[in-house]
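Okay, structure first, notes after.
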Amino acid sequence: VQTKTVGDTLRAEVGDDRLLISRSPAMRRVWQTIERTAPTDVSVLLTGATGTGKELVARVIHKQSLRAGRDFVAIDCTALSPMLLESELFGHERGAFTGADRERAGMFQLADGGTLFLDEIANFSLDAQAKLLRILQEREFRRVGGRRLIRTDFRLISATNVDLAECVRAGTFRGDLYHRLKVSHLELPTLAERREDIPLLASYFIDRKRLRLNRPWVCRMSHQACDVLTAYDWPGNVRELENVIEAAILECPRDTIEASHLALTRRMPGTAGTAEPLAPYREARQQALVTFERFYLMALLHQFHGRIRPIAAHAGVTPKHIRTLLRRHHISRRDFRTPHVRRAPLRADGTAS
Ligand SMILES: Nc1ncnc2c1ncn2[C@@H]1O[C@H](COP(=O)(O)OP(=O)(O)O)[C@@H](O)[C@H]1O
Ligand SMILES: [Mg+2]
């Protein structure tokens, strides 16, 4: 599987009919690192806020690696108590503890030849960290309650949404393990840092979900809905966008998703009470200004179909200033150029129809 470029859109197949898709400059660095590290066996650490696509990127790396034919074994370290985590990872022999009535292969063994994805790695206890470090050094381990050494060869990808360097300073995460995990380090930008991706992702989710949700007639969104999505702050990142689109599809009686179908959890910026009511004055004012800038810019982009010169002339600033604002707000003027492109669902080849 390779990364495909269609126009300025980058896409890679993940399996189960899922894609990693983006067109923002902020994600370009991510793609370069994926392409550089995927064919190697180096450990990759993925950091970024929840919902930014860490697990998806891990799957793409696996798909584009020489291990693609073998398993991608994912384990979420938040859900498990230290005892369960250990038996989950290492497996256990029969009778190793009460309830262990048969032997069990752990994730380290199941991932042999493939890729092991440890999600929310910061939740590893110091004890588990020590054991993981040993395995990474020696490539062999014993099951819980077992004496036999089992060899394993997996590629490790780990992910976290907390600052591991800070955990190392605080003494809750081992520095030596940290350095082993992040031979290659990939930080995923938040969705607010790549608003150019919002219309693209929204169209992609509409296209992917409408049939599955049994709403085949829903196939586009209005300009207004698209603007609301683009201006929103997305604390839950791409996962939140996915959920909002899903809910909107279910709400939508006709072919076009309208702004009124969007159930955003935070108050919309730009409406009365932009800032948190109790934020300090300067902070609240700053927030309101930033939001104003974004909406002002989008209104002119609409009016002049994304053409910089007339926008600048109308606003009474230089074209350079407009370009700076576009960059600062991560808004793509291409989305405003031809009124139809951004509303249409994606065709199978990934271009807009
Ligand atoms: N760039 C992207 N293109 C397509 N889907 C994405 C993208 N980023 C995230 N998603 C989707 O958003 C959801 C959250 O992504 P996930 O990888 O689970 O995030 P994280 O592990 O960082 O919390 C998933 O359904 C994923 O498929
Ligand atoms: Mg995750």
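None of the values given here were measured: they were computed from a predicted structure. Both counts, for ligands and for their atoms, begin at 1 and track the order of listing.
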Per-atom contacts of ligand 1 with [X], taking only distances under 4.0 Å to non-hydrogen atoms:
X      : result
Glu55  : 17 (O), 21 (O)
Leu19  : 3 (N), 4 (C), 5 (N)
Leu201 : 2 (C), 3 (N), 4 (C)
Glu242 : 11 (C), 12 (O), 13 (C), 24 (C), 25 (O)
Leu20  : 1 (N), 2 (C), 3 (N)

Distance (rounded to the nearest 0.5 Å) between [X] [atom1] and [Y] [atom2]:
X      : Y      : atom1 : atom2 : result
Thr47  : Asn161 : OG1   : CG    : 9.5 Å
Lys131 : Leu85  : NZ    : CG    : 10.0 Å
His305 : Leu300 : NE2   : CG    : 12.5 Å
Ile157 : Ser184 : CD1   : OG    : 9.5 Å

Does any N or O of ligand 1 fall below 3.5 Å from an N or O anywhere on [X], backbone included?
X      : answer
Ile21  : yes
Arg239 : yes
Gly51  : yes

Identify the protein heavy atom lying closest to [atom], giving its residue, its atom name and the separation to 0.1 Å.
atom                    : result
atom 19 (O) of ligand 1 : Gly53 N, 3.1 Å
atom 9 (C) of ligand 1  : Val238 CG1, 3.4 Å
atom 27 (O) of ligand 1 : Arg18 NH1, 3.3 Å
atom 7 (C) of ligand 1  : Leu56 CD2, 3.4 Å

- Message: Pairing donors with acceptors under 3.5 angstrom, does anything connect the side chains of His330 and Asp197?
- Response: no

- Note on the structure: Closest to atom 22 (O) of ligand 1 (heavy atoms only, candidates Arg11, Met27, Lys54) is Lys54

- Message: Does the plane of the ring in Phe292 sit parallel, tilted or perpendicular to the ring in Tyr296? Use 30° and 60° as the thresholds.
- Response: tilted

- Message: In terms of relative ring orientation, are Phe108 and Phe154 parallel, tilted or perpendicular, with 30° and 60° separating the classes?
- Response: parallel

Exercise answer: donor-acceptor pairs, residues 315-324 side-chain atoms, under 3.5 Å, sequence neighbours excluded:
from, atom 1, to, atom 2, distance (Å)
Thr318, OG1, His321, N, 3.1
Thr324, OG1, Lys320, O, 2.8

- Item | Check: Asp335 main-chain N/O paired with Glu196 side-chain donor or acceptor under 3.5 Å | no

- Within-shell test, Gly48 vs ligand 1, heavy atom, strictly < 4.0 Å: no

